[in-house]
Protein chains: 2
Amino acid sequence: MFSKACEYGIRATLYIAEQSLNQRRVNIREIAKAIDSPEAFTAKIMQQLVKSQIVHSVKGPLGGFEMLRSGSHDIKLYQIVKAIDGDNIYKGCGLGLKECNEEHPCPVHFKFLNIREELREMLETTSITELAKDLDKGIAFLKQ
Amino acid sequence: MFSKACEYGIRATLYIAEQSLNQRRVNIREIAKAIDSPEAFTAKIMQQLVKSQIVHSVKGPLGGFEMLRSGSHDIKLYQIVKAIDGDNIYKGCGLGLKECNEEHPCPVHFKFLNIREELREMLETTSITELAKDLDKGIAFLKQ
DNA sequence: AATAAAAAAGATTTTTTTGTCTTAAATAAA
DNA sequence: TTTATTTAAGACAAAAAAATCTTTTTTATT
């Protein structure tokens, strides 16, 4: 469904969001441990997330990652997926046709319509903060 | 969603199924042209589909591929996906956790539940013959 | 029996994805 | 101002996926 990079990116962001609930800034070593991911690879992905303004980073001692403080905009799952994997999951054709639409549909176009729409809806409405709260409550997990 | 191999595999099977409606056996060159896929790579994928008993092949002049004649069992989309990509799409965790279930869920586990279930249902119930008929009627396409 | 056409098998190459390593830049604290 | 700690950047390496090439096997036709 998602690339490994995207999976790690979502998990990392969720961990940062959880810690940000308590004003904690976290470094890459801690993130990689918390989500059980390869540290150097995760660091690369964090660079993308910082550039896409999904998380904020601070260099130097006591530095690390935290959610943007602006607070005004709550990040949605959709933004992470778009930043890392692009929007092919819910825009591209299920069978890989370059052109696939109502007028020129692939054989499964209408069968996929509902599913893709539900997926898009879910990604666009699910907020990171919402999910982070479940982690904080201990009713959801980021590894194993 | 699916790998390239799986996309080509589905499209190839659909083309063969369409031609089998009219008792036509087709060779790999014709298939690759019809579905706009790399010929040699498609040939490799056909080998998997033959081994998985999704299509039938005949060697030698006038040989090629056709659907199994048994007729008793109508191939479902699900069988092709399982043969090529495995069942990770609707069984594996959306965030890549090794263990993810009701008792130990990832943060999006319950958000994904419906979508994955719908996808599984769709793949398990959609028949290749059904889709092939749409191709035959000219209301669905396998390229562009 | 020889030839030609087709799939099967296996080796190889290319591209993409995943992952690592090294150096540079920033910055807090001693 | 030096040192230590952190992210950023970029080069590099390994593994997987996508794609190709070559040889073998099968079989219909001449």
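Excluded from the calculations below are hydrogen atoms, water molecules and symmetry mates; all remaining heavy atoms, backbone and side chain alike, are included. Here is how names work: the chains are called A, B, and so on, in the same order as the sequence lines, proteins then strands, and each is numbered from 1.
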Chemist: Do the charged groups of B/Glu39 and B/Lys44 touch, with an N to O distance under 4.0 Å?
Modeler: no
Chemist: Using 4.0 Å as the upper bound for N to carboxylate O, is an ion pair formed by A/Arg120 and A/Asp87?
Modeler: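 Salt bridge between A/Asp87 and A/Arg120, a charged N being under 4.0 Å from a carboxylate O: no.
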Chemist: Less than 4.0 Å between a side-chain N and a carboxylate O, is that true for B/Glu66 and B/Arg25?
Modeler: yes
Chemist: Rounded to whole Å, please give me the gap between CZ in A/Phe41 and P in D/dG10.
Modeler: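 My rounded result for the distance is 18 Å.
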Chemist: OP1 or OP2 of C/dA8 sitting under 4.0 Å from any side-chain N/O of B/Ser57?
Modeler: yes
Chemist: Rounded to whole angstroms, how far apart are CG on B/Asn27 and C1' on D/dT26?
Modeler: 16 Å
Chemist: Look at the aromatic rings of A/His104 and B/Phe141 and report parallel, tilted or perpendicular, splitting at 30° and 60°.
Modeler: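 Ring orientation, 0 to 90° scale: parallel.
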Chemist: Nearest whole Å is fine: how far is D/dT30 P from B/Leu62 CG?
Modeler: 10 Å
Chemist: Is the shortest side-chain N/O distance from A/Tyr8 to OP1 or OP2 of C/dT18 below 4.0 Å?
Modeler: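 Answer no for this pair, as no side-chain N or O of A/Tyr8 is under 4.0 Å from OP1 or OP2.
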Chemist: Nearest to the A/Ser3 side chain among C/dT18, C/dT27, D/dA8, which nucleotide is it?
Modeler: C/dT18
Chemist: Whole angstrom is fine here: how far is it from CD in B/Gln47 over to C1' in D/dA18?
Modeler: 15 Å
Chemist: Give the rounded distance in Å between these two atoms: CD1 of B/Ile28 and C1' of C/dA5.
Modeler: 14 Å
Chemist: Could you give the CD1-to-C1' distance, from A/Ile16 to D/dT6, as a whole number of Å?
Modeler: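 Computing the A/Ile16:CD1 to D/dT6:C1' distance gives 14 Å.
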Chemist: Using atom NZ of B/Lys59 as one end and atom C1' of D/dA28 as the other, report the distance to the nearest whole Å.
Modeler: 14 Å
Chemist: Quick one: is C/dA7 close enough that its OP1 or OP2 comes under 4.0 Å of any side-chain N or O from B/Arg29?
Modeler: no
Chemist: Closest approach to the side chain of B/Ala40, judged atom by atom: which nucleotide of D/dA9, D/dT20, D/dA8 is it?
Modeler: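 Nearest to the side-chain atoms of B/Ala40, counting from C-beta on, is D/dT20.
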Chemist: Can you say whether a donor on the side chain of A/Lys44 sits under 3.5 Å from an acceptor on the base of D/dA9, or the other way round?
Modeler: yes
Chemist: Any salt bridge between A/Glu7 and A/Lys4, counting N to O under 4.0 Å?
Modeler: yes
Chemist: Take the protein atom CD of A/Glu39 and the nucleotide atom P of C/dT22, then report the distance between them rounded to whole Å.
Modeler: 14 Å
